[in-house]
Number of protein chains: 2
Amino acid sequence: MLSQTTEYALRALAHLAREGTDPSARTAEETILQAEEIASALDVPRNYLSKILHALSREGILASTRGPRGGFRLAAPARDIPLSRIVKVFEPQLLADEQRCIMGRTVCSDDDPCSAHEHWKGVSRSVRAFFARTTLEDLATRGDGPTGGGGENDE
Amino acid sequence: MLSQTTEYALRALAHLAREGTDPSARTAEETILQAEEIASALDVPRNYLSKILHALSREGILASTRGPRGGFRLAAPARDIPLSRIVKVFEPQLLADEQRCIMGRTVCSDDDPCSAHEHWKGVSRSVRAFFARTTLEDLATRGDGPTGGGGENDE
DNA sequence: TATAATTATCATAACCTAATGATCAATACG
DNA sequence: CGTATTGATCATTAGGTTATGATAATTATA
């Protein structure tokens, strides 16, 4: 559902957020990692990742520093960065409030909807809501615990 | 969220289902349309659509007949064809029960989930549920009216 | 059987995403 | 100032999706 590019971006950012546990940094945003480190940690093509990190810097999600001891760090605390902000950089259309019908905008509209129209809008809304309320911190921290590690149900 | 190919497939099938109103055919499945007719009605590239219709025929969703008076017709009543069957032809991974984490399968798992894990599974489940319970008939008929001729529930 | 209508298939191009490799630009530090 | 380290950028390739045009295969009908 997400492009490779977006997936790499999310993984890289989650990795940066997790490295906040590095004792030499007091907060996640102070943690600096080089593109090379991230690329090899995630096993992702280095130059390709570079371009992605650069795009995230342009958007103000990351801050980059060149030269020795340079690298990338989060520009804000992980809990203040909703996933929607990241996804919007690489696939804006997915979050656009615009998408009307599953068959395409021209086929049916709010004014003259097909029977599935409202249902699809509901699905689309729940996707957007997920990205809006989930933050980088959620990707970086481990889930549940108590009931976890054990029986989980798939459908 | 769906590829161009899938969108064309849905539109073409919905068009076929709607033509069930043709007085010369008693049921939608008896309506036969040529690729050319469909392509120009939907303003979609003709040969490209041909390949899509062919794929749908291979899957038993359409039945095709060659030669004069040939064309395509639904192989079953529109209400018996869930959208999942169509989507599965062109993007099976979207409906796969497999997709674990938004960051990719290798990053986090049911056994060692991130905090967003269950939320994402919920979204993914609602997408699959939509495609499973929505049928071609829903795409072909007009929505609402009085109260829509159908109970409206989102999850 | 000949012909026209129609689907099926093939070959190719255009375009986008993903990936690779090489080089340029900035900068900390000796 | 020089040099090593790092991000930024450019050129190119590979592969997938979308699209176009031409040809083959099938079949109803005159």
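Residue numbers begin at 1 in each chain, while the letters A, B, ... track the order of the sequences. If you're wondering where the values come from, they're calculated on a predicted model, not measured in any experiment.
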message = Measure OH/B:Tyr48 against C1'/C:dA8 and give the value in whole Å, please.
response = 17 Å
Shortest side-chain distance from B:Pro68, nucleotide among C:dA18, C:dA11, D:dA28 = D:dA28
inquiry  = What's the closest nucleotide to the side chain of B:Lys51 if the choices are C:dT27, C:dT9, D:dT18?
reply    = C:dT9
remark   = A:Arg66 has its side chain closest, among C:dA18, D:dA8, C:dT7, to D:dA8
note = Whole-Å distance, A:Leu49 CG to C:dT17 C1', equals 16 Å
message = Which nucleotide wins on minimum distance to the side chain of A:Pro45, given the candidates C:dT20, C:dT7, D:dA28?
response = C:dT20
message = Are the side chains of A:Leu13 and A:Leu62 in contact, using a 4.5 Å heavy-atom criterion?
response = yes
message = Can you identify which nucleotide, out of C:dT7, D:dG7, C:dA19, has its nearest atom closest to the A:Gln4 side chain?
response = C:dA19
inquiry  = So, OP1 or OP2 of D:dT6: does either fall under 4.0 Å of a side-chain N or O from A:Ser64?
reply    = no
ask   = Can you tell me if B:Ser124 uses its side chain to pair, donor with acceptor, with the backbone of B:Trp120 under 3.5 Å?
value = no
request  = Indicate, with a heavy-atom threshold strictly under 4.0 Å, whether B:Ser57 touches base, sugar-phosphate, or nothing.
outcome  = nothing
query = Counting heavy atoms not belonging to A:Arg133, are there more than 12 under 6.0 Å from its CZ?
reply = yes
query = Can you tell which of D:dT6, D:dT29, C:dC29 lies closest to the side chain of A:Arg69?
reply = C:dC29
query = Which of these nucleotides, D:dT5, C:dA19, D:dT9, is closest to any side-chain atom of A:Asn47?
reply = D:dT9
query = Rounded to whole angstrom units, what separation is found between the CD atom of A:Glu59 and the C1' atom of D:dA8?
reply = 16 Å
note = Rounded to whole Å, CD of A:Glu36 lies from P of C:dT20 at a distance of 13 Å
message = With a 4.0 Å cut-off on N to O distance, would you call B:Asp110 and B:Lys121 a salt bridge?
response = yes
query = Nearest-Å distance, CD (B:Glu7) to P (D:dA19)?
reply = 10 Å
ask   = Hey, which of these two, A:Tyr8 or B:Thr65, hits DNA chain C nearer its 5' end, going by closest nucleotide?
value = B:Thr65
ask   = To the nearest angstrom, how far is B:Leu33 atom CG from C:dT7 atom C1'?
value = 14 Å
ask   = Could you state the CZ-P distance from B:Arg46 to D:dA22, rounded to the nearest angstrom?
value = 13 Å
task = Find the distance A:His54:NE2 to D:dT9:C1' and express it as a whole number of Å.
result = 8 Å
query = How is A:Phe90 classified with respect to the nucleic acid when contacts are heavy atoms under 4.0 Å: base, sugar-phosphate, or nothing?
reply = nothing
inquiry  = By the 4.0 Å heavy-atom rule, please label A:Ser50 as base, sugar-phosphate, or nothing.
reply    = nothing
Parallel, tilted or perpendicular, as decided by the 30° and 60° cut-offs, for the rings of A:Tyr8 and A:Tyr48 = perpendicular
